[in-house]
2 protein chains.
Amino acid sequence: MATNVQLLKDALRKEGLLYTPQRQIIWDEICKTDDHRDAEEIYFKIKQGGHKVSRATVYRTIDVLVKNNLVRKLELGDGRNRYENKLDSSHHDHIVCIQCGRIDEFMDENIEKLQDEIAKKYQFKIVRHIHQLFGLCRDCN
Amino acid sequence: MATNVQLLKDALRKEGLLYTPQRQIIWDEICKTDDHRDAEEIYFKIKQGGHKVSRATVYRTIDVLVKNNLVRKLELGDGRNRYENKLDSSHHDHIVCIQCGRIDEFMDENIEKLQDEIAKKYQFKIVRHIHQLFGLCRDCN
DNA sequence: TCTTTAATGAGATTGAGTCTCAAAAGTAAT
DNA sequence: ATTACTTTTGAGACTCAATCTCATTAAAGA
């Protein structure tokens with residue numbers, strides 16, 4: 001947890017923002033699990049934990065964390081963004097069960113390379129990508 | 001255009017729905033361009049064209065068209081869904097400029113194959129996927 | 001034509017996310 | 001420490017895409 005404090009402090013300093021209890025509480029909550037939770041879930045978990053942090057602060061802080069690469073925003077196209085901490089997970093994409101909501105992670109070096117080639121071909125400078133497979137997991141199929 | 005009428009009629013019959021003037025107007029509007037437009041844009045274009053179709057009907061009809069594979073829903077993660085007709089376009093994914101909003105289409109057979117392999121590895125039965133590259137296009141870079 | 005069923009439209013509602021602004025907390029200089 | 005200044009926070013208003021409701025209208029079948 002000590003490093004979590006430092007990572008947050010560094011990010012905030014880089015942004016010219018202050019280190020505050022609320023921001024630490026939010027970052028801690030996000031680090032607690034490796035789930036893919038939306039902002040409301042994170043907000044309510046913090047509330048449940050007995051802390052008083054406003055919804056606005058949760059959203060604002062998550063934006064800072066995303067911007068500084070501590071958190072990854074997941075857009076599954078269902079109208080709400082989900083977030084995962086990037087503490088010890090390397091780059092990966094997601095494979096989602098449309099039945100039970102289960103989210104697995106995958107990574108394929110070859111696909112990454114092919115993406116780079118496409119970017120070159122279209123003369124785009126890629127800054128991020130979304131790659132999600134939707135279907136039925138083994139249990140639901 | 002004659003085939004557009006038939007395609008719609010077939011889809012509606014398959015769903016047990018009635019063929020109505022409003023549904024034809026909406027489908028026609030979507031077929032007019034190869035753009036990636038959101039529901040509001042489509043709704044207003046129809047209004048501009050002098051037709052009276054309600055917003056609710058536009059949304060409802062688009063859902064039917066998507067479900068029946070006449071229209072593809074594009075989720076770019078910016079809070080509104082976009083739609084493109086699938087009349088004469090084969091499968092493709094999208095490469096999006098985060099500066100000017102330009103959307104190009106790409107398709108890579110190898111990536112598709114690798115996706116299938118991932119699905120097999122994770123024992124998922126894939127029904128759809130999202131693959132989007134975001135970055136700066138040549139003009140914006 | 002009459003009856004029944006489905007579709008439409010206007011506007012209310014939802015829900016995630018953003019914005020506002022007064023109050024609170026932090027920072028720096030004296 | 002006190003003051004002066006800046007940033008953050010929180011409560012709730014607001015936005016905007018999308019959905020829902022339900023009375024009215026249109027279509028299909030007998």
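What you are looking at is a predicted structure, and each value in this text was computed from that prediction instead of being measured. In what follows, chains are A, B, ... by sequence order, proteins preceding strands, each numbered from 1.
Relative to the six-membered ring of B:Tyr19, B:Lys9 meets both conditions, a distance below 6.0 Å and an angle of at most 45° to the axis.
Counting heavy atoms of neighbouring residues, nucleotides and ligands inside a 6.0 Å radius, atom NZ of A:Lys86 exceeds 12 of them.
Between B:Lys45 and B:Glu40, no side-chain nitrogen of the basic residue sits less than 4.0 Å from a carboxylate oxygen of the acidic one, so the salt-bridge criterion is not met.
A heavy-atom distance below 4.5 Å is found between the side chains of B:Gln132 and B:Leu76.
Just one of B:His129, B:His131, B:His36 meets the ring-ring contact (aromatic ring centres under 6.0 Å, His included) condition when paired with B:His94; it is B:His36.
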For nucleotides 7-26 of chain D, read 5' to 3', which letter fits each nucleotide if B means a protein heavy atom sits under 4.0 Å from the base, S means only the sugar-phosphate is that close, and - means neither?
SSBBB-----SBBBB-----

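Rounded to whole Å, the distance from CD on A:Glu41 to C1' on C:dG15 is 14 Å. Counting to the nearest Å, the P atom of D:dA28 and the CG atom of B:Leu12 are 12 Å from each other.
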